[in-house]
**Q** 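One structure follows; several queries about it will come next.
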Amino acid sequence: MKITLFDGTVKEFEQGSTAKEIAKSLNQKLGKTALAAKIDGKVVEVDTPITQDCTLEILTFEDEQGKKALWHTGSHVLAQAVKRLFPDAKFAIGPATDSGFYYDFDKETPFSNEDLSKIEKEMKKIVAENIPIEKFTLGRSEALEFVKNEPYKTELILDLPKDAVLSFYKQGDFTDLCAGPHVQSTGKVKVPKLLRTAGAYWRGNEKNKMLHRIYGTAFLSQKELDEYLEQMKQAEERDHNKLGRELGYFTTHAAVGQGLPLIMPKGAKTIQVLQRFIEDEEEKRGYVLTKTPYMAKSELYKISGHWDHYQDGMFVLGDEEKGEEVLALRPMTCPFQYMIYNAQQHSYKDLPIRYGETSTLFRNEASGEMHGLIRVRQFTLSEGHIVCTPQQLESEFMGVVDLIKYVMGCIGIENDITYRFSKWDPNDAKKYIGNPQLWNEVETVMRGILDHIGLSYKEAVGEAAFYGPKLDIQFKNVFGKEDTIITVQIDFALAERFSMTYVDSDGVKKMPYIIHRSSIGCYERTLAMLIEKYAGALPLWMMSEQVRLMNITDEAAAYCQEFAQKLRAYGVRVTVDDRQEKIGYKIREARNERIPYMLVAGEKELAEKTFAVRKRGQGDIGGMGQQELLELIVKQIAEKVIF
RNA sequence: GCCAAUGUGGCUCAGUCGGUAGAGCAGCUCAUUCGUAAUGAGCAGGUCAGCGGUUCGAAUCCGCUCAUUGGCUCCA
């Protein structure tokens, strides 16, 4: 039979050869490191016999799917260890993740840290035993008989089609219902490591029982594991929640409340700089400003549908049952800007109208959801709504994407973002307003636009807003966890609810399209992301302190003050450190604070009208004259140069 | 909201068996006029997250609350 290999070459092999045998014949080492195989695009065990012509790719730990096969087996080794140590535990599911694996167990008492070390020890034993992993299949009724003591496995089987053939994997004293694929023996897992325990609802539904989940990972050598753990430790150092507090960007206080961070002067300055930049940029791009109330009567949210869909997420004031007026703090700005639109009659000639507002919003997040500056109860967003005709939709959408790309470039994260096309979930229709036909129509329109402007995106079912599909701009934080920083939505439902119209050229009133959009997302979250991305060393143009001048002698202090005044006149944010401290000490402090420019003056500089210049990340870059320095710094700020 | 862990000066941490709190850094004061990652001395700073209980006595044991962290669920 003919096998087309990864690099495109075609080779002849004996029928029935396994992927492993083929790998071995190609390269002795590959035969040893092979963890799984991809046959005609399908990932299977490496010892699967191949019976006909196909394409074949050998997967090792270097490949995403090879890694996952190993980690998946890791989860079975974990389950086997738990079965040996805690025979009463019931088994749910145990998949591989992007960075390891987990397994969910139902057990009377949670796993303690001591349990975890015991389990890890047992796992190492199982790895050392190098137990072969054998796959077998059963029909439905035999399978049900086989798992009769495992309620969760039984439920899984009952939910599969009646004629499904169920695969099981056996490794010594442990057998698990599983779709695979797996590596060939427990020994391949090499160096397993358990990381933490967590609670997790059975099947991800909060109405179900909470199970005990154990997270772990595995590597081929202790060295690789150590490197991974070290990497995690370094990520922790960059965590905005730690670093942001250390550097004085924000703080929290128990008496203020959860999800209500106090932004300190440094953070507030950066946010103000970003906000001014966005407001100016939006003005250049034809946005008009609105300023709307922080709260409204429940009436408004009843029209928008938020009252039915998100009442739990709103801060509601006033008790209806006591006959009080019921108000709610705004969780978004849309209905307010719609009211502004509706205050006047509009012609097609008025469109598009681009409303923008730096908008503070309030959302009553559940207590367990709050996290640093990422998930908060009050935040400020560059929010905007574009009202346009159907013909204008595409060009307006492009304009929004163009603005976002420009902004992302200015803050230096254009290569760190990915796009996600968030669609509704037809199987969960009650979460949304509007009928399926309309949803399909609008999603088709949106996909058309995305494809036309050539964005590469991944699709996500069930991530849409309740009133329309979204383009989400995603950013991965230091721990690899993805968060939405910006969303753009096409709204086809709220215009109707708010009876928004424009008079078209034929004199007929028609319903406009609305684009909900942000250009930088919420400022708190953006600040968090920037702190993590730059490890606190934010780009020059948005640093609250851009230049610090330091004198060596008192005589030079006046000289520093003088130049500081000059820089300030050009809008540069500068401070002077004229304390009587050693210069090395002053520099150390400025470095710890990630100050972009340190200008040092002593006798020599005083005489020559220069400064010894230290640039963040580069150290000493030599002496520079005042005029030269002024021009350089002002230019770099204006051009938003990133270093 | 759910499952867990954690909570000692601004920060990092020590505090044994329950006997009444300790260090380094930061801060302040004084001295030092100093050349690129820590000058010296002194001072101040804590109801041990809060409340309640057990006890002759609680940072330590128990309960509740609050906050933080890791997950789950949620995220207009």
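Chain letters run A, B, ... following the sequence lines, proteins first, then strands; residues in each count from 1.
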**Q** Reckon A:H371 has a side-chain N or O less than 4.0 Å from the OP1 or OP2 of B:rG70?
**A**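 Result: yes.
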
**Q** For RNA chain B, what are the stems built from at least three Watson-Crick or G-U pairs in a row, each pair having both distances below 3.5 Å?
**A**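 So the stems come out as B:1-7 with B:66-72, B:10-13 with B:22-25, B:27-31 with B:39-43, B:49-53 with B:61-65.
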
**Q** Here's a test of your reading of the structure: between A:Y467 and A:G259, which maps to the more 5' nucleotide of RNA chain B?
**A**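 Looking at the nearest nucleotide for each, A:G259 comes out on the 5' side.
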
**Q** Remember a base hit wins even if backbone is also touched, and classify A:G313 as base, sugar-phosphate or nothing at under 4.0 Å, heavy atoms.
**A** base

**Q** For A:E236, which contact category applies under a 4.0 Å heavy-atom criterion: base, sugar-phosphate, or nothing?
**A** nothing

**Q** Which whole-number value in Å describes the distance from A:D312 CG to B:rG1 C1'?
**A** 10 Å

**Q** Please list, one pair per line, the donor and acceptor atoms closer than 3.5 Å that link side chains of residues 252-260 of chain A to other protein atoms, with sequence neighbours excluded.
**A**
| unit_1 | atom_1 | unit_2 | atom_2 | d |
| --- | --- | --- | --- | --- |
| A:T252 | OG1 | A:R245 | NH1 | 2.8 |
| A:H253 | ND1 | A:A255 | N | 2.9 |
| A:Q258 | NE2 | A:S367 | O | 2.9 |

**Q** Considering every strand and a 4.0 Å limit on heavy-atom distances, what is the contact class for A:A200: base, sugar-phosphate, or nothing?
**A** sugar-phosphate

**Q** Can a donor-acceptor pair under 3.5 Å be found between the side-chain atoms of A:D620 and the base atoms of B:rU36?
**A**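 No such pair is found, so the answer is no.
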
**Q** Assign A:E603 to base, sugar-phosphate, or nothing according to its heavy-atom contacts below 4.0 angstrom with the strands shown.
**A** base

**Q** Would you indicate what A:H306 reaches in the nucleic acid, counting non-hydrogen atoms under 4.0 angstrom: base, sugar-phosphate, or nothing?
**A**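 Base contact.
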
**Q** Regarding B:rU33, can its base be found pairing with the side chain of A:E555 as donor and acceptor, where the two atoms are less than 3.5 Å apart?
**A**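 Side chain to base: no pair below 3.5 Å.
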
**Q** Measure the spacing between CD1 of A:I514 and CD of A:E396 and express it to the nearest 0.5 Å.
**A** 13.0 Å

**Q** NA contact type, A:G584, heavy-atom cut-off 4.0 Å: base, sugar-phosphate, or nothing?
**A** sugar-phosphate

**Q** May I ask you to say what A:P331 touches in the nucleic acid, namely base, sugar-phosphate or nothing, with a heavy-atom cut-off under 4.0 Å?
**A**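 It contacts base atoms.
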
**Q** Hey, are A:K90 and A:D104 close enough for a salt bridge, meaning a charged N less than 4.0 Å from a carboxylate O?
**A** no

**Q** Ignoring backbone atoms, establish whether A:Y585 has a side-chain N or O less than 4.0 Å from OP1 or OP2 of B:rU32.
**A**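 No, outside the criterion.
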
**Q** Report yes if at least one side-chain N or O of A:K470 is closer than 4.0 Å to OP1 or OP2 of B:rA76; otherwise report no.
**A**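 Yes, A:K470 has a side-chain N/O under 4.0 Å of OP1/OP2 on B:rA76.
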
**Q** Which atom names give the shortest non-hydrogen contact between A:R517 and A:S382, and what distance separates them?
**A** NH2-O, 3.3 Å

**Q** Taking only side-chain nitrogens and oxygens of A:S367, does any of them come within less than 4.0 Å of OP1 or OP2 of B:rG1?
**A**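 Checking B:rG1 against A:S367, a side-chain N or O does come within under 4.0 Å of OP1 or OP2.
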
**Q** Tell me whether A:K107 forms a cation-pi arrangement with A:F111, defined as NZ or CZ under 6.0 Å from the six-membered ring centre and within 45 degrees of its axis.
**A** yes

**Q** Determine whether the aromatic ring centres of A:Y338 and A:H385 lie less than 6.0 Å apart.
**A** yes

**Q** Within the structure shown, what part of the strands sits under 4.0 Å from A:Y201 by heavy-atom distance: base, sugar-phosphate, or nothing?
**A** base

**Q** To the nearest angstrom, how far is A:R375 atom CZ from B:rG71 atom P?
**A** 13 Å

**Q** Let me know, please, whether A:Q258 or A:Y215 comes out on the 5' side of the other along RNA chain B by nearest nucleotide.
**A**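 Looking at RNA chain B, the more 5' nearest nucleotide goes with A:Q258.
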
**Q** Ignoring backbone atoms, establish whether A:Q580 has a side-chain N or O less than 4.0 Å from OP1 or OP2 of B:rC34.
**A**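 Checking A:Q580 against B:rC34: no side-chain N or O falls below 4.0 Å of OP1 or OP2.
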
**Q** Under 4.0 Å, heavy atoms only, any strand: does A:A255 hit a base, just the sugar-phosphate, or nothing?
**A** nothing

